[in-house]
J.: 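If you scroll down you'll find the structure; I have some questions about it.
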Amino acid sequence: MFLPKRLTFSSKRYLCTGCASLSYPPKPALPQLSLLADKCTSMTQLKQIHAQMVVTSRISDHFAASRLLSFCALSDSGDINYAIKLFEITKDPNIFMWNTLIRALASSPNPNRAVFLYTKMRRQGVCPNNHTFPFLLKGCCNSCSLESCKQVHTHVLKFGLELDLHVVNGLVRAYSVSSHLSSARRLFDEFSERNLSIWTTMITGYAQNFCAIEALVLFDRMLADGFEPKGPTIASVLSACARSGCLELGERIHAFMLERGIETGLVLGTALVHMYAKNGAISTAKKLFDSMPERNLATWNAMLCGLASNGNAEEVLALFRKLEKEKLLPNDVTFVGVLSACCRAGLIDVGQKIFNSMKEVYGIEPKIEHYGCMVDLLGRGGKLVEAEELIKRMAMKADVVILGALLAACKNQGNTEIAERVVKDILALEPHNHMVYVVLSNMYAEAGRWQDVWRLRKVMKVGNLKKTPGWSLVDGDT
DNA sequence: CTAGGGTTAG
C-alpha cells in the first residue's frame, strides 16, 4: 500500500508480459508518451498524445512538451500555429523549446517572426546558446535582412560564440545573401578551422552574387588546401562556370566527377546542363538533358535559359510547349527565359501573348524583370508609347534598369519627347547619373537641336562630368 | 535526455 501507484502499475505490467528475467532492469512506469510523440505521423495522432500528456500531467515536463513541439513545428505534416499555441501555454519554456520555435519560424513564410521571437526571449532574460544562432541566421537569410544580420552578429559576439563553426557558417551565409560579400569574406578569412561546408558557403556566396571569378579562385584555393569537393560545392562551382563562360573549367570539373565516381543526380545534372547550354555547347547540354532519369523545373529552366542566351528563340518556344505538355507548371524564372528569347528574336506578338498568359493562365504576377523584357521588346519594335504605358501600369516602382531600357529604345528611335521624361525619372532615382545627360545630349545633337545641347550643358555640372573619364558631352565635341 | 552547416534554373 505504501508503494507509489506507478510502481504498482509497473509490476503488473511486468507480470502480464511474463518477463521473468531478473537481469533486465524494470521498464519505466508510465507509457513513454514522449517517445510516442517522436514516432507520430499526423496532427490527429499528436493531439491524442497531447491529450494523454495533459491528463497524466506529463505536459509540465519540458522534455515531453518539447517532443510535441518538435513535431508540430518542424514536421511536414505538423502545424506551426499549433506549435505557437503550445509554446505560449508552456510555462518558462527551456532553451530547446525557444530554439525549436525560432527554427520553425525562420523557415516559415514570414521569417521575420524568428527575430521577433528571439527579441522576446532576450526580454525574458533567457540566454541563447550555440544552436540558437544558426536558426536565427537562417531567418535572416530567408528575409534577406541585412539589418537583422548585423544585429545578430553583435549578439554572437556578446555571447562569445564567434568561434563556433555553425554560427560562423550561418553568418557568412547571411552576409552573402545580403550581398555583403566583404563582411562575409572577412569572417571567412578570420576563421581558421574551416571545413568543407564553410568553404562551400563562401564559394556559393560569390557564385550567387555573380562574382564567378572570385568563386573559381576560391575553389582553386580550397583544392590546394586539400579539401575534396562533394556534390554541393561542385554544383556551386558549375554555376559559377555557367555564369562566367568558363567552359573549359566546367568540362574539367565534369571529368573530375566521372573520375571520382560522383553521381550525376538531379542537382548536378541540372548544373551541368546549365553550364554546357550557357556556354554554347548546346548539343552536349541536350544529350545530358535527355539522358537524365529525373528532371524538375530547375532542369527545364536551365535548358531553356541556356538556349535563350544563345539566341535560339525557336528552340526555346518548342521546349516551352513541351514543358506545358509534360504538365509541369512554369514559374517566373521560366518566363524570364522565354520572354528574353522573344525579345532577342524580335517576336513581339508571341512575346506579348506569353506575357499575358503569365497572369491569366498561370496566375504568376509579373516581376520587374518580366516588365523589363516587355519594355525592351516593345521598344525594339518601335512601340515606345506602349512601353512607357506599361511602365506606368506596373505595380512596382520603376528602377534604373527598366528606365534605361526604355531610354535606349528612345535613342534608337530618335524620340526625344519620351526620352526627356525618362531622363527626369532616372535622375529622380539617381541624381548623379551623368550618363543619361550624355545620352540625351547626343540625341539632341543627332536631331541638330544645338540650343538644347547647350541648355543641357548649363544644367549639368560639367565639373563633375570631367571626373568621369571616357565620356564627352557630344560625340566629336570640341 | 532532445537540435544545427554546404547544392541546381534568373
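All chains are named by letter (A, B, ...) in the order of the sequence lines, taking the proteins before the strands, and each is independently numbered beginning at 1.
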J.: Please report, to 0.1 Å, the donor-acceptor pairs under 3.5 Å made by any side chain of residues 334-350 of chain A, with sequence neighbours excluded.
T.:
| unit_1 | atom_1 | unit_2 | atom_2 | d |
| --- | --- | --- | --- | --- |
| A:Thr334 | OG1 | A:Asn301 | OD1 | 2.8 |
| A:Thr334 | OG1 | A:Asn331 | N | 3.0 |
| A:Thr334 | OG1 | A:Asn331 | O | 3.3 |
| A:Thr334 | OG1 | A:Asn331 | OD1 | 3.0 |
| A:Ser340 | OG | A:Val336 | O | 3.0 |
| A:Ser340 | OG | A:Gly337 | O | 3.0 |

J.: Using residues 158-166 of chain A as the side-chain source, report each donor-acceptor pair under 3.5 Å to any protein atom, sequence neighbours left out, with the distance given to one decimal.
T.:
| unit_1 | atom_1 | unit_2 | atom_2 | d |
| --- | --- | --- | --- | --- |
| A:Asp164 | OD1 | A:His166 | N | 2.9 |
| A:Asp164 | OD1 | A:Val167 | N | 3.1 |

J.: Select base, sugar-phosphate, or nothing to describe what A:His166 touches, counting heavy atoms under 4.0 Å on all strands.
T.: base
J.: How would you label the contact of A:Arg173 with the nucleic acid (heavy atoms, under 4.0 Å): base, sugar-phosphate, or nothing?
T.: sugar-phosphate
J.: Give every donor-acceptor pair under 3.5 Å between a side-chain atom in residues 215-235 of chain A and any protein atom, sequence neighbours left out.
T.:
| unit_1 | atom_1 | unit_2 | atom_2 | d |
| --- | --- | --- | --- | --- |
| A:Glu228 | OE1 | A:Arg260 | NH1 | 2.9 |
| A:Glu228 | OE2 | A:Arg260 | NH1 | 2.4 |
| A:Thr233 | OG1 | A:Thr200 | OG1 | 2.9 |

J.: Tell me the side chain to side chain donor-acceptor pair (under 3.5 Å) pairs involving residues 114-124 of chain A, sequence neighbours left out?
T.: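 Of all non-adjacent pairs touching residues 114-124 of chain A, those that pass side chain to side chain donor-acceptor pair (under 3.5 Å) are A:Tyr118-A:His155.
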J.: Answer yes or no as to whether B:dG4 has its base stacked against A:His131, where stacking requires a ring-centre separation under 5.5 angstrom and planes under 30 degrees apart.
T.: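 It does not: the two rings, one from A:His131 and one from B:dG4, miss the stacking criterion.
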J.: Identify, residue by residue, the members of residues 197-218 of chain A with a heavy atom below 4.0 Å from DNA chain B, and return them in order of residue number, or none.
T.: A:Ser197, A:Thr200, A:Thr201, A:Thr204, A:Gln208
J.: Please list, by residue number, the residues of residues 79-98 of chain A whose heavy atoms come closer than 4.0 Å to an atom of DNA chain B; answer none if no residue qualifies.
T.: A:Asn94, A:Phe96
J.: Looking at B:dG6, B:dA9, B:dG10, which one has an atom nearest to any side-chain atom of A:Lys278?
T.: B:dG10
J.: Between A:Gln45 and A:Thr41, does a side-chain hydrogen bond (donor to acceptor under 3.5 Å, both in side chains) hold up when you go through it step by step?
T.: CA-CA 7 Å; A:Gln45 285 180 1; A:Thr41 55; 3.3 Å; yes
J.: Of the options B:dG4, B:dG6, B:dT2, whose atoms approach the side-chain atoms of A:Leu196 most closely?
T.: B:dG6
